[in-house]
> 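Quick one: this structure, given as structure tokens, is what I'll be asking you about.
By convention here, the first residue in the shown sequence is residue 1.
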Amino acid sequence: WTGAERVAIARETRAAPACSLCHRRANALAPTFVSGSHDRASELPEAVVDAIHRITVDAGRIARSDYDSWAESFSDSHYVELLGVVVQIIAVDTLALALGYALPDLLEPRLGDPTRHRPPAARSRDMWAPTLPNRGRDEDSHDLYRGHTVPNVALALSLVPAEVRAMSALTAAHYLSARDLANVQSAGGRALSRPQIELIAARVSALNECFY
């Protein structure tokens, strides 16, 4: 995506919770039972807006058929990058709301063309979109994986390595760095102990009905 499109994706992510169509779908037995148009906050194509809103509001019921439908309008790498932007905006905004802060302003987009780099080692495996091999050592993944097994949430974004790097930086700020996470004795210098951190993380994940 271009810088302007990435900012538009972020804007749509913030608008999705107030979308009337999303509310009706969330209360339906299945999202496909409710038709209509989203309350949009950008000029992005309808299929792109639908993906953003579904990931933001009703991610637990996204099916392979949804992914295949979106793939008719934009590529798998577009989807992975979109996913990365959406989840990062949700993480930042949720923390701001929890602390009683105003949502941070979205940045002005940078001019220029996207790199459109696609890692040569990416292959279709167990996930919908192609991924880089775990424990990879090629030029795209050596700094992502550092020779170690990585969580699926990072692996799922690896078709666009920049999104893994961005998510890793955000995770290190909000939770723990990859190095601290691997060491069960480490609290990453936080005021909470590691058991306290994990108790809160597990409880929040349960309340959010996280797949894991």
Side-chain angles (χ1 to χ4, degrees), residues 1-23 25-26 37-60 62 70 73-75 77-117 129 143-144 151 153-154 156-178 180-181 188-192 197 200-201 204-205 207-210:
W1 304 98
T2 65
E5 289 169 333
R6 286 175 64 90
V7 173
I9 291 169
R11 189 174 296 114
E12 282 292 348
T13 302
R14 287 183 168 177
C19 174
S20 58
L21 174 62
C22 289
H23 276 285
R25 283 180 168 177
S37 298
H38 291 282
D39 299 329
R40 55 176 52 246
S42 71
E43 296 303 316
L44 293 169
E46 183 64 23
V48 178
V49 173
D50 185 56
I52 296 167
H53 283 228
R54 288 289 306 282
I55 294 169
T56 303
V57 177
D58 200 13
I62 294 176
W70 295 328
S73 300
F74 49 89
S75 72
S77 53
H78 280 90
Y79 173 80
V80 170
E81 185 177 353
L82 177 152
L83 178 63
V85 174
V86 170
V87 298
Q88 289 174 64
I89 288 294
I90 291 174
V92 170
D93 287 0
T94 301
L95 179 62
L97 292 170
L99 297 176
Y101 294 164
L103 299 184
D105 294 334
L106 298 177
L107 300 177
E108 288 297 318
R110 294 180 180 178
L111 300 179
D113 296 324
T115 65
R116 304 200 186 283
H117 172 67
D143 70 306
L144 304 186
V153 290
L157 296 174
S158 61
L159 184 60
V160 184
E163 293 304 319
V164 181
R165 297 183 182 104
M167 188 186 73
S168 296
L170 185 62
T171 300
H174 281 193
Y175 177 39
L176 292 168
S177 69
D180 288 323
L181 183 62
R190 308 299 196 198
L192 299 178
I197 291 173
I200 293 171
V204 170
S205 294
L207 292 172
N208 286 337
E209 298 182 354
C210 173

> With sequence neighbours left out, what residues match H117 under side chain to side chain donor-acceptor pair (under 3.5 Å)?
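Residues passing side chain to side chain donor-acceptor pair (under 3.5 Å) with H117: D140.
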> Which side-chain N or O atoms in residues 91-110 pair as donor and acceptor under 3.5 Å with protein atoms at least two apart or in another chain?
| residue | atom | partner | partner atom | Å |
| --- | --- | --- | --- | --- |
| D93 | OD1 | R14 | NH2 | 3.0 |
| D93 | OD2 | R14 | NE | 2.8 |
| T94 | OG1 | I90 | O | 2.6 |

> Can you name the side-chain contact (heavy atoms from CB on, under 4.5 Å) partners of N208, sequence neighbours left out?
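Scan of N208 (side-chain contact (heavy atoms from CB on, under 4.5 Å), adjacent residues dropped) gives V204.
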> Output all residues satisfying side-chain contact (heavy atoms from CB on, under 4.5 Å) with S205, sequence neighbours left out; order by chain, then residue number.
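Listed in chain order: C210.
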> Hey, could you give me the SG/CD1 distance between C19 and I52, rounded to the nearest 0.5 Å?
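The CD1 atom of I52 is 11.5 Å from SG of C19, to the nearest 0.5 Å.
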> Suppose we screen for salt bridge (Lys or Arg N to Asp or Glu O under 4.0 Å). Which residues come up paired with D58, at least two apart in sequence or across chains?
R61
> With sequence neighbours left out, write down each residue that passes salt bridge (Lys or Arg N to Asp or Glu O under 4.0 Å) with R6, or none if nothing qualifies.
E81, E163
> With sequence neighbours left out, what residues match S42 under side chain to side chain donor-acceptor pair (under 3.5 Å)?
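If we apply the side chain to side chain donor-acceptor pair (under 3.5 Å) test to S42, skipping adjacent residues, the hits are E12.
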> With rounding to the nearest 0.5 angstrom, report the CG to CG distance, L157 to L83.
5.5 Å
> Using the test side-chain contact (heavy atoms from CB on, under 4.5 Å), find all partners of A156 that sit at least two apart in sequence or belong to another chain.
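Checked A156 against side-chain contact (heavy atoms from CB on, under 4.5 Å); matches are M127.
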> Report the residues that fulfil side chain to side chain donor-acceptor pair (under 3.5 Å) with S37, sequence neighbours left out, ordered by chain and then residue number.
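Result, side chain to side chain donor-acceptor pair (under 3.5 Å) vs S37: none returned.
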> Sequence neighbours left out, what pairs pass salt bridge (Lys or Arg N to Asp or Glu O under 4.0 Å) with at least one residue falling in residues 42-54?
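Qualifying pairs, neighbours excluded: R25-D50, R40-E46, R54-D66.
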> Taking the side chain from W1 and the backbone from H78, do they hold a donor-acceptor pair closer than 3.5 Å?
yes
> Can you sort out the partners of S73 under side-chain contact (heavy atoms from CB on, under 4.5 Å), two or more places apart, ordered by chain and number?
A47
> Using 0.5 Å steps for rounding, measure from the CD atom of Q88 to the CD1 atom of I9.
11.5 Å
> Do any N or O atoms from the side chain of H53 and from the backbone of P17 form a donor-acceptor pair under 3.5 angstrom?
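A pair under 3.5 Å: no.
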> In Å, rounded to the nearest 0.5 Å, how long is the span from CZ of F74 to CG of L82?
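Reported value, rounded in 0.5 Å steps: 6.0 Å.
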> Could you please spell out the steps behind the side-chain contact (heavy atoms from CB on, under 4.5 Å) verdict for L181 and T171?
CA-CA 10 Å; L181 183 62; T171 300; over 6 Å; no
> Which residues pass the salt bridge (Lys or Arg N to Asp or Glu O under 4.0 Å) test with E5, not counting sequence neighbours?
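So E5 forms no salt bridge (Lys or Arg N to Asp or Glu O under 4.0 Å) with any residue.
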